[in-house]
> 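I'd like to ask some things about the structure below.
The chains referred to below are lettered A, B, ... by the order of the sequence lines, with proteins before strands, and numbering in each begins at 1. All figures in this text were calculated on a predicted structure; none of them were measured in a lab. Worth knowing before you read on, the calculation uses all heavy atoms, side chains too, and leaves out hydrogens, waters and symmetry mates.
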Amino acid sequence: MTALATAPIHRIATTARIHAANPWTILYTPWLILFGVFALNFAIWHAVLIGAGDRPLAPDAFTTNGGVTYIFVYMVVVAVQAMNQTFSFVVGLGATRRDYFGGTVLVFGALSVVFGVGISLLAWVERATDGWGVRGAFFAPGPLRTEPIWVLAVMYTLLLLLMFFVGSAVAATFVRWGANGIIIFFGALALLIVGVVYAITVNGGWEAVGRFFTTHSMLGLAAYTIPVTLVGGLAGFLLMSRATPKG
Amino acid sequence: MTAVIEVTDLARTYGKVAAVADVSFSIEENSICGLLGRNGAGKTTLMRLVTGQEFASAGEIRVFGEDPVENAGVLARTCFVRESQVYPDGFRGKHVLKAAAQLFPNWDADYAARLVAEFRVPLDRRMKKMSRGQRSSVGVIIGLASRADLTLLDEPYAGLDAVARELFYDHLLKDYSENPRTIVLSTHLIDEAARLLEHVLVVDNGSLLMDAAADDLRGTAVTLVGGHNAVERFASGRPVLGWESIGGISSVTLTGLSDADKADAAAAGLELAPVSLQQLIVSRTRSAQEARS
């Protein structure tokens, strides 16, 4: 019994189950909000159609939409919130930080697949119904309209993984150094971004940057997130491995 | 006898503040040890260090012979319950017990259910909405039902009423005799818990002040009451822990009296009164403080 209970897989699964004990934050709420955002967009499309009356609309009038990006921002918040709350509880009750992180990674991975595949299936419905009957594009807007569904699934899953793992680094920063840590973290991030933008401009590199985005496929671009995701996860793990539970 | 906890020259500093300084002790297997001291003395930090939740600045900790930090084998046999345990938002009592059932290999679900009924814990209530006593009850239930080889209870019954506290003492003693394990209990209610304790560690200002068997301590100090002159004559040259005078009557608390000394005191017309563990620790802590300042 003890041997089973202390097997690494069991210990990691324990953390995963504790994350899932209250599925609202990580599972139900994000879907509800996503459907809510979609419903609002759908209502706006209809209002525009009614307002337009007999006047013809451009065929791509409802295809530029950023509503689905909400889910990516939300998942960073979920990562920070879930880790901040469960770390002190799980490690406080006697789990190792390693097992805690393993279970958390498992949950983040599963959520990325569930949301990535789920959104792609909704994109498939969107295409099958001629854009929800109004030629709208919400789940695969703009340039994504022509991508195969499986490409959407891989791309969304990779992007969500990026959000979760960068989120885990932000969460670890918060768990270890509190609000001050977050201020310094985002201050440093802002400096880095401005520095990169400055360097690109000074060296006249924007054309090359544009070429990078136009010559790579969606899949290729999504693949570039993998190293960043790994670095984020590693940073989260290293920071977490020296964190102490609150209370 | 095997030591479950062995601490050598342990220190934990936060900036310039020494929360724990140069502490060494060991705790034997299958005993109940009281970890006593004032607020901020370093009790919680010590327990967090022993359970690998805090990192030592210096010194060595061995739990079941191994370093507890990130040691899944050691931590699975260890249960640490504290008053200030943090619970995730939205977690209800039942979620907490479910998590505990998964984390502790020896968890006894039937026993936990019986304790829930006896302590009257509203399992469907969110932890945040529970009263302090109800939250403490959840902690106490985890501490008992986890049946961990090493159980550390940090102020486990803050906010509990007298009935619930008695219930806890009774359960602890009964379950301890049926399922022997090593228990470390920190508390402010020393006299209440005194009957449970086999060993006592007293910390003050981050240092270890006392490390003794409870039975030895109980016999070490006596209060003598009598006429001022008689008391002064007897006490001179002996280690005095406390002194009080009202009118011509004085009372003095002394340590290290042999049976012969006690007979002498009685012959000198002095009245002997036993000193409770709590009084002893209070006066020891005070005299340590006076010695420092």
> What distance separates A:Leu93 CG from B:Gln85 CD, expressed to the nearest 0.5 Å?
5.0 Å
> Do other residues, nucleotides or ligands put more than 12 heavy atoms under 6.0 Å from A:Tyr198 OH?
no
> For the CH2 atom on A:Trp132, are there more than 12 heavy atoms of other groups (residues, nucleotides or ligands in this structure) within a distance under 6.0 Å?
yes
> Which pair of heavy atoms, one from A:Ile18 and one from B:Gln102, lies closest together, and at what distance?
CG1-OE1, 4.5 Å
> When only pairs under 4.5 Å are counted, which of A:Ala21, A:Ala13, A:Ala82 shares the most heavy-atom pairs with chain B?
A:Ala21
> Which atom names give the shortest non-hydrogen contact between A:Arg11 and B:Ala72, and what distance separates them?
CZ-CB, 3.3 Å
> Verify the neighbour count for atom NZ of B:Lys98: are there more than 12 heavy atoms of other residues, nucleotides or ligands below 6.0 Å?
no
> Non-hydrogen atoms of chain A under 4.5 Å away: do they reach the side chain of B:Val81, the backbone, both or neither?
neither
> Against chain A, work out which of B:Gln53, B:Arg48, B:His95 has the most heavy-atom pairs shorter than 4.5 Å and name it.
B:Gln53
> Are more than 12 heavy atoms, taken from residues, nucleotides or ligands other than B:Arg62, located less than 6.0 Å from that residue's CZ atom?
yes
> Looking at B:Phe91, B:Phe80, B:Tyr87, which makes the most heavy-atom pairs under 4.5 Å with chain A?
B:Phe91
> Does atom CZ of B:Arg120 have more than 12 heavy-atom neighbours from other groups under 6.0 Å away?
no
> When you measure from the side chain of B:Glu70 to the backbone N and O of A:Arg97, does any donor-acceptor pair fall under 3.5 Å?
yes
> Taking B:Pro88 as the fixed residue, which of A:Asn84, A:Thr25, A:Thr86 is the one that meets the side-chain contact (heavy atoms from CB on, under 4.5 Å) rule?
A:Thr86
> How far apart are the closest heavy atoms of A:Ala243 and B:Phe55, and which atoms are they?
O-CE1, 4.0 Å
> When only pairs under 4.5 Å are counted, which of A:Ala95, A:Pro245, A:Ser88 shares the most heavy-atom pairs with chain B?
A:Pro245
> Measure distances from B:Asn71 to the heavy atoms of chain A and classify the residue's part below 4.5 Å as side chain, backbone, both or neither.
backbone
